[in-house]
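So the structure is just underneath, and the comments pick up after that.
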Amino acid sequence: MLKILLAKIGFEPKAIVFVDDKEKHTQRVQQAFEGSSIDVTTIRYSAEDKRVDAFMAQDKSFVIAQWNRLQHAYETQNPKRIHKVVRKTF
């Protein structure tokens with residue numbers, strides 16, 4: 001996506017610094033720019049691994065229900081409903 005975005009806006013940076021918590025994402029960015037003139041540095045950020053693992057292990061039914069309510073409000077384009085859902089959620 002980054003490569004496509006840069007091509008669409010016609011911008012070729014001299015360098016890219018990409019930070020992500022997933023190693024596969026950093027590897028994919030490296031691969032996407034292999035052979036290009038852009039200097040790419042990727043960093044795998046691991047400081048939040050324990051929190052991410054805890055989030056992934058927990059029950060997400062409440063968050064999913066919130067998302068579904070918000071998505072429905074946007075799909076119906078009901079400004080009052082959107083505001084109500086956002087206020088309840090956040």
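None of these values were measured; they are calculated from a predicted model.
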Can you tell me which residue among Gln30, Gln27, Glu23 is in a side-chain hydrogen bond (donor to acceptor under 3.5 Å, both in side chains) with Thr42? Gln30
Can you hop from [X] to [Y] via hydrophobic side chains spaced under 4.5 Å?
X	Y	answer
Leu2	Ile9	yes
Phe18	Ile38	yes
Leu5	Phe11	yes
Val29	Ile43	no

What's the separation between atom [atom1] in [X] and atom [atom2] in [Y], rounded to the nearest 0.5 Å?
X	Y	atom1	atom2	result
Gln71	Ile64	CD	CD1	12.0 Å
Lys8	Met1	NZ	CE	9.5 Å
Arg51	Asp21	CZ	CG	12.0 Å

Measure across [X] and [Y] and return the closest heavy-atom pair with its distance rounded to 0.1 Å.
X	Y	result
Phe55	Lys60	O-NZ, 3.1 Å
Pro13	Leu6	CD-CD1, 4.0 Å
Phe33	Val40	CB-CG2, 3.5 Å
Ser46	Arg44	CB-NH1, 2.7 Å

Pair Ser37, Glu12 - check side-chain contact (heavy atoms from CB on, under 4.5 Å), show working. CA-CA 9 Å; Ser37 62; Glu12 186 172 325; 2.6 Å; yes
